[in-house]
Amino acid sequence: MEIESLSIDAVRQAVASGETKATVLAELHYDRIAREDGKINSYLALSRDRAMARATQIDEMAVRGETLPALAGVPVGIKDVLAMRGAPATAGSLILKGYRPPYDATVVTKLETAGAVLLGKLNCDEFAMGSSNENSAYGPVLNPKALDRVPGGSSGGSAAAVAADFAVATLGTDTGGSIRQPAAFCGVVGVLPTYGRVSRYGLIAFASSLDRVGPFTKNVKDAATVLQVIAGKDVMDATSSDRPVDDYVGALSKPVEGLRVGVPEEYFGEGLDPEIRAAIDGALAGLKTAGCVVKPVSLPHTKYAIPTYYVLATAEASSNLSRFDGVRFGLRAEEAKTLSEMFRKTRDVGFGAEVKRRILLGTYALSAGYYDAYYRKAQQVRTLLTRDFLAAFSEVDVLVAPVTPTPAFKLGEKTDDPVKMYLEDIYSVAASLAGICGVSVPCGETRDGLPIGVQVMGRHFDEGTMLRVAQAVETSQREQ
Ligand code: GLN
């Protein structure tokens, strides 16, 4: 069986009908990873025994003629910030080298219960901080669509693995764009669910009020299927919502006719690559043809989103990362004579430059004399940004915008200028701060063949409508 462009539906049908076996599919993926991931560097660890054990169970169910669960036999990869029992969990950091969590993240349990075959752990920026995957302590990931380019970050490995057919679907996390941006750079679908829709239990925290887990897939329907499996209340995560989970896959069969699509003018200003702009215009034209009503809207506080995000995300990170002290997890610096020297040395060798920069920034923003000027002010602006979206969503059902100002950039292009790298997040962080859902859908290519993504943003907990519109974009792309 060909594994290129293999969808979840195709896997389920093939496994259920006996055309192929889950064990065979897992082996085919491992073979491809062995052959080709040497140059991409997407997987940090493989969980072969666990994958083959689950695949064998699925094959036995198929032989017995049992009804197979939604993800039966689907090879899935997991970003290395999520816990898989007994497997390494480095979060892309040296400080967690050797750490193997004794439990599974809730999303991992849910995927496996739904029949997924978990292939291994995927490379990412250290503690999910970055936009290019160049901050990983285990080397950068290359973009499978253009090997001299970054795959985006921080979930670079998750996006690249789907794009390179090293998995049918993967999980990533998005704090300020880390699912949507790499999805756009690699030409795959990436979903940021509403804050609270998917459990964060077992996720190594970066910025807890922003962190979310979501899928990368080859098409919108697959994204709906994976989201359906991982969404819902979890008693282990107090911030997970008990709102019932909508039927996302079912929502896709409803027409988009009559839906109101807002185009936020602030997302189309200076700095937006003209080829991306043209691609978004094409997607909007496709939505009009499908019967959507397209109209301009304004999100007036957008220009404050980046500074607000980098105050809040670094403040939360400085607090969350204080637990890595050489005592409880992973690395411990040797030759320290006192306890405080051991803390300092461990953190000095264990953390990379970007993580240290953020701990410093965040500690400063939270310090007694500056708390009101930075942290409190940023929280106030966060409310204004959220209100912008609520006002827009009183007029329209979804928003359509770019994901990134440029297509995938070259390795090394932005590494010596952190502010340049932060500006990469200009179109993604506002949705993160507001807690709304978003998705990146492939929407053509540049003249140089680099993928372009379009972002569809939806109301809190309205992933169904958002995915419907995303699918309409996908369909109109295919028809072009
Ligand atoms: N690029 C952003 C940052 O560096 C977003 C990262 C993320 O979403 N995890 O913080």
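Whatever order the structure lists ligands and atoms in, that order sets their numbers, starting from 1. We number each residue from 1, following the sequence as shown.
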Has ligand 1 got any nitrogen or oxygen that is less than 3.5 angstrom from a nitrogen or oxygen of [X]?
X      : answer
Asp425 : yes
Gly177 : yes
Ser178 : yes
Gly130 : yes

Original post:
Of all the non-hydrogen atoms in the protein, which one sits nearest to atom 1 (N) of ligand 1, and at what distance?
Top reply: Ser131 OG, 2.8 Å
**OP:** Mark the output for Met421 as yes if a heavy-atom distance to ligand 1 is under 4.0 Å, and as no if none is.
**Re:** no
Subject >> Close approach, Tyr310 and ligand 1, non-hydrogen under 4.0 angstrom >> reply: yes
Original post:
Can you tell which part of Arg180 has a heavy atom less than 4.0 Å from ligand 1: side chain, backbone, both or neither?
Top reply: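 The answer is neither; Arg180 stays 4.0 Å or more away.
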Atoms in ligand 1 flagged as close to [X], the criterion being non-hydrogen separation under 4.0 Å:
X      : result
Tyr309 : 2 (C), 3 (C), 5 (C), 6 (C), 10 (O)
Gly176 : 5 (C), 7 (C), 8 (O)
Asp174 : 8 (O)
Met129 : 4 (O)
Phe206 : 9 (N), 10 (O)
Ala128 : 6 (C), 7 (C), 9 (N)

Original post:
Do the ring centers of Tyr103 and Tyr201 come within less than 6.0 Å of each other?
Top reply: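 They qualify: ring centres under 6.0 Å apart.
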Original post:
Got a sec, which residues hit ring pair (Phe, Tyr, Trp, His ring centres under 6.0 Å) with Tyr30, two or more places apart in sequence or on another chain?
Top reply: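 Listed in chain order: nothing, the list is empty.
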Original post:
Cut-off 3.5 Å, side chains only: do Ser208 and Glu316 have a donor facing an acceptor?
Top reply: no
Original post:
Do Lys79 and Ser155 have side-chain N/O donor and acceptor atoms under 3.5 Å apart?
Top reply: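 The answer is yes; a qualifying pair exists.
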Original post:
What is the ring orientation for Phe393 with Phe389, classed by angle as parallel under 30°, tilted 30 to 60°, or perpendicular over 60°?
Top reply: parallel
Original post:
Angle class for the Tyr364/Tyr374 ring planes (parallel below 30°, perpendicular above 60°, tilted otherwise)?
Top reply: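 Rings of Tyr364 and Tyr374: tilted, as their planes differ by 30° to 60°.
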Going by atom type alone, with no hydrogens or angles, which donor-acceptor pairs under 3.5 Å involve a side-chain atom of residues 85-92 and a protein atom two or more places apart or on another chain?
unit_1 : atom_1 : unit_2 : atom_2 : d
Arg85  : NH2    : Asp104 : OD2    : 3.1
Thr90  : OG1    : Asp80  : OD2    : 2.5
Thr90  : OG1    : Gly92  : N      : 3.0

Original post:
Should Asp37 and Arg32 count as an ion pair when the cut-off is N to O under 4.0 Å?
Top reply: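 Salt bridge absent between Asp37 and Arg32.
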Original post:
Taking 4.0 angstrom as the limit, do Glu463 and Arg197 come out as a salt bridge?
Top reply: no
